[in-house]
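All values below were derived from every heavy atom in this structure, side-chain atoms included, with hydrogens, water molecules and symmetry-related copies excluded. Lettering follows sequence order; numbering is per chain, from 1.
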Amino acid sequence: MPDNAFDELQWRGLIFDYIEGVPELLAREKVTVYNGFDPTGDSLHVGHTVPLIALARLQRFGHTPVAVAGGGTGMIGDPSGKSAERNLLTREQIEYNVSRIKVQLAHLLDFEVKSNPARLVNNADWLLKLNLVDFLRDIGKHFTVNYMLAKDSVKTRIDREEGLSFTEFSYMLLQAYDYLHLYDTMGCKLQTGGSDQWGNITAGVELIRRVRGGQAYAMVYPLITKADGTKFGKTESGSVWLDPEKTSPYRFYQFWLNTDDRDVIRYLKFFTFFTRDEIAGLEASLAEHPEQRAPHRALARDMTARIHGETALARAEQASQALFGGEISGLSAAEIADIFADVPSCDLPAERLSGPGMPLIDLLVTAGVVPSKSEARRSIADGGIYLNNVRVSDGAMSVSVEHALEGQFIVLRKGRKNYTLVRVIR
RNA sequence: GGGCAGUUACCCAAGUGGCCAAAGGGGGCUGACUGUAAAUCAGCUGGCAGACGCCUUCGGAGGUUCGAAUCCUUCACUGCCCA
């Protein structure tokens, strides 16, 4: 690890833009740095983690990280990067979300160290106290509409058909006020965020200069891109969450393992704490033996262990091996239950399989493998459905008790890697 | 408040009385190939039956017609221009 935080971030490709003086600031003093996040859901997803992990990197260099939950701003909705007006959340929803996210943050930031413990605050604590007239006099006075209109987040929305509401237009002022508040109360001098936050962050820097004559700083990270042009952090089944209830450790592990070759080294730099030498080694391995996917595995292992722990990682790896390694028919009931613990599953009363059994078409729908019977028929016709890992050719077949492994499980699979476990309940 | 344009399936977008479950593209799903890849090629892509066929869908509601995504009325929403 280099001795300079800025160099470290730069090497990792994390510096997209910054206000002049940031490298010197980070080298000169231990600063309090904050990064906001949106509590619009009750869990963070992988896309949220880059700025938060970056905060952890700064913490390792002795700086003090502050995670700011946008409990107040979340009630408004940030127009940045949004194509349409945001749905507003209630105060209760947001408070619940913040409480859930707090647990996840503990995996990323160190709240325990004596010297520079991380902190979590909620901007609802100060924003909700604001009074409109005071706000307009004290804050609004310092911004011209021209300045606000010039911000990209506003400009792109005005150019689009949908436009944006006054509420969203005002968002940047609230975030600017956040920065001022944290500058005043915690001596916070640096705000970080995704590159889409640049306008909001610099508005805060501007405000601090005007009302306090102080110098505050801004630094933003690049948007995480994917080589194939799709959005990072999404899979067929939606966002990849940190909450194991929403995204199982197995799926989480698989998400990272499936990283595109062209992206994997960059992601190692973004997400892990591997050293330059370690990453260089993995890069060499990728070049020489791409089929071994050593960097993918390292990335998946590291992330899964950090977020879900070693036990969950071990299980995710075991399941991956069994599912993609091959044979499942020889496994015991206990092994099956264990391997598929994380895989989507459903319960089915044994009576439904009695006698001639249940049409496979119906079972596929019941188990949620496909959304409709038409889709089920299509998938079978395409050769994309497997029963206990054997491709199904007969679209009219029925599933009976005999098909259940150990009398207890039926393994349905659609395509290469979508497994569903049916538990037969007596 | 006035004028104009628009609202079609997951998205973009054709369609202006029957040949429309609705062109084309994107996306998605599946197969072949492979490294649980990329690239490429092929099939599929509203629902229920899967044989004929039936049902729901072209912003909402109502109407004209043997028959409407297509015509009329009205309402809603969006954009542009005028006040």
**Nucleotide of B:rU36, B:rC48, B:rC29 approaching A:S374 most closely (side-chain heavy atoms)** = B:rC48
**Request:** Specify whether A:F166 and A:F169 have parallel, tilted or perpendicular ring planes, treating 30° as the upper limit for parallel and 60° as the lower limit for perpendicular.
**Result:** tilted
**Asked** Of all the choices, B:rU36, B:rA37, B:rC29, which nucleotide is nearest to the side chain of A:Q254 once you look at every atom?
**Response** B:rU36
**Message:** Rounding to an integer number of angstrom, what distance separates B:rC10 and B:rC44 when you compare their C1' atoms?
**Reply:** 16 Å
**Prompt:** Can you tell me how far P of B:rA38 sits from NE2 of A:H296, to the nearest Å?
**Reply:** 10 Å
**Item:** Integer angstrom distance from the P of B:rA9 to that of B:rU70
**Value:** 14 Å
**Request:** Report which part of the nucleic acid A:R297 touches: base, sugar-phosphate, or nothing (heavy-atom distance under 4.0 Å, all strands).
**Result:** nothing
**Message:** So A:I385, base contact, sugar-phosphate only, or nothing? Heavy-atom distance under 4.0 Å.
**Reply:** nothing
**Asked** Just to confirm, is there a sub-4.0 Å distance from OP1 or OP2 of B:rU30 to any side-chain nitrogen or oxygen of A:N418?
**Response** yes
**Complete:** Contacts of A:R391 and A:D260 projected onto RNA chain B by closest heavy atom; the upstream (5') one is A:R391
**Item:** Side chain of A:D261 (C-beta onward), nearest among B:rG35, B:rU36, B:rC48
**Value:** B:rG35
**Fill in**
Only one of A:L14, A:D17, A:N200 passes side chain to side chain contact (heavy atoms under 4.5 Å, CB included) with A:V220, and that residue is A:D17
**Prompt:** Any side-chain N or O of A:Y386 under 4.0 Å from OP1/OP2 of B:rG31?
**Reply:** yes
**Message:** Could you tell me how far B:rC77 sits from B:rG24 if I compare only their C1' atoms? Round to whole Å.
**Reply:** 28 Å
**Item:** Under 3.5 Å: donor-acceptor pair, side chain of A:S400, backbone of A:G357
**Value:** no
**Prompt:** So which nucleotide from B:rU45, B:rU36, B:rG35 ends up closest to the side chain of A:R378?
**Reply:** B:rU45
**Item:** Any A:R293 side-chain N or O less than 4.0 Å from OP1/OP2 of B:rG35
**Value:** no
**Prompt:** Which nucleotide, B:rG35, B:rA32, B:rA38, lies nearest any side-chain atom of A:P290?
**Reply:** B:rG35
**Same-atom distance (C1') from B:rC48 to B:rU40, integer angstrom** = 37 Å
**Message:** Could you tell me how far apart A:R251 (CZ) and B:rU36 (P) are, to the nearest whole angstrom?
**Reply:** 18 Å
**Message:** If I take atom NZ in residue A:K226 and atom P in nucleotide B:rA37, what distance separates them, rounded to the nearest angstrom?
**Reply:** 13 Å
**Message:** Between B:rC72 and B:rU64, how far apart are the two P atoms, rounded to whole Å?
**Reply:** 15 Å
**Asked** With respect to the phosphate group of B:rA37, does any side-chain polar atom (N or O) of A:K417 fall under 4.0 Å of OP1 or OP2?
**Response** yes
**Asked** B:rA32 and B:rG47: how far apart are their C1' atoms, nearest whole angstrom?
**Response** 30 Å
**Request:** Give the nucleotide from the list B:rU36, B:rG35, B:rG50 with an atom nearest to the side chain of A:N258.
**Result:** B:rU36
**Request:** Could you check whether the rings of A:F271 and A:F232 sit parallel, tilted or perpendicular, using 30° and 60° as the cut-offs?
**Result:** parallel
**Request:** Return the value, rounded to whole Å, for the distance between atom CZ of A:R416 and atom C1' of B:rA38.
**Result:** 16 Å
**Message:** Could you tell me the Watson-Crick or G-U partner of B:rU56, where both distances fall under 3.5 Å? Say none if there is no partner.
**Reply:** none
**A:L257, nearest nucleotide to its side chain (from B:rG47, B:rA32, B:rU36)** = B:rU36
**Message:** Holding to side-chain hydrogen bond (donor to acceptor under 3.5 Å, both in side chains), I want the full list of residues that pass it with A:D347, two or more places apart in sequence or in another chain.
**Reply:** A:R423
**Watson-Crick or G-U wobble mate for B:rU40, both contacts under 3.5 Å** = B:rA32
**Verdict with reasoning, A:F6 to A:Y18, per ring pair (Phe, Tyr, Trp, His ring centres under 6.0 Å)** = CA-CA 11 Å; A:F6 188 85; A:Y18 58 93; 5.0 Å; yes
**Request:** Specify the separation, in whole Å, of atom CD1 of A:I380 and atom C1' of B:rC29.
**Result:** 14 Å
**Prompt:** If pairing requires Watson-Crick or G-U wobble contacts with both distances under 3.5 Å, which nucleotide is the partner of B:rC4?
**Reply:** B:rG79
**Prompt:** Applying a 3.5 Å limit to both distances, which nucleotide forms a Watson-Crick or G-U wobble pair with B:rU16?
**Reply:** none
**Message:** I want to confirm an ordering. Mapping A:S372 and A:K414 to their closest nucleotides on RNA chain B, which one lands closer to the 5' end?
**Reply:** A:K414
**Message:** Looking only at the side chain of A:E291 (C-beta and beyond, no hydrogens), which of the listed nucleotides B:rG35, B:rU36, B:rG47 gets closest?
**Reply:** B:rG35
**Asked** Out of A:N388, A:N389, A:N418, which residue meets the side-chain hydrogen bond (donor to acceptor under 3.5 Å, both in side chains) rule with A:R413?
**Response** A:N389
**Request:** Quick one: look up who B:rC71 pairs with, Watson-Crick or G-U, both distances under 3.5 Å, and put none if it's unpaired.
**Result:** B:rG63
**Donor-acceptor pair (no angle test) under 3.5 Å: A:D382 side chain, B:rG31 base** = no
**Message:** Rounding to an integer number of angstrom, what distance separates B:rA76 and B:rA61 when you compare their P atoms?
**Reply:** 15 Å
**Message:** Between B:rU16 and B:rC58, how far apart are the two C1' atoms, rounded to whole Å?
**Reply:** 13 Å
**Request:** Give the rounded distance in Å between these two atoms: CG of A:L323 and P of B:rG35.
**Result:** 19 Å
**Request:** Provide, to the nearest angstrom, the distance between the CD atom belonging to A:E317 and the P atom belonging to B:rU36.
**Result:** 15 Å
**Message:** Using a 4.0 Å heavy-atom cut-off, does A:S379 contact any base of the nucleic acid, only the sugar-phosphate backbone, or nothing at all?
**Reply:** nothing
**Request:** Starting at atom CD of A:Q292, determine the distance to atom P of B:rG35, rounded to an integer number of angstrom.
**Result:** 12 Å
**Prompt:** Knowing that exactly one of A:R301, A:H296, A:M303, A:R297 qualifies, which makes a side chain to side chain contact (heavy atoms under 4.5 Å, CB included) with A:L299?
**Reply:** A:M303
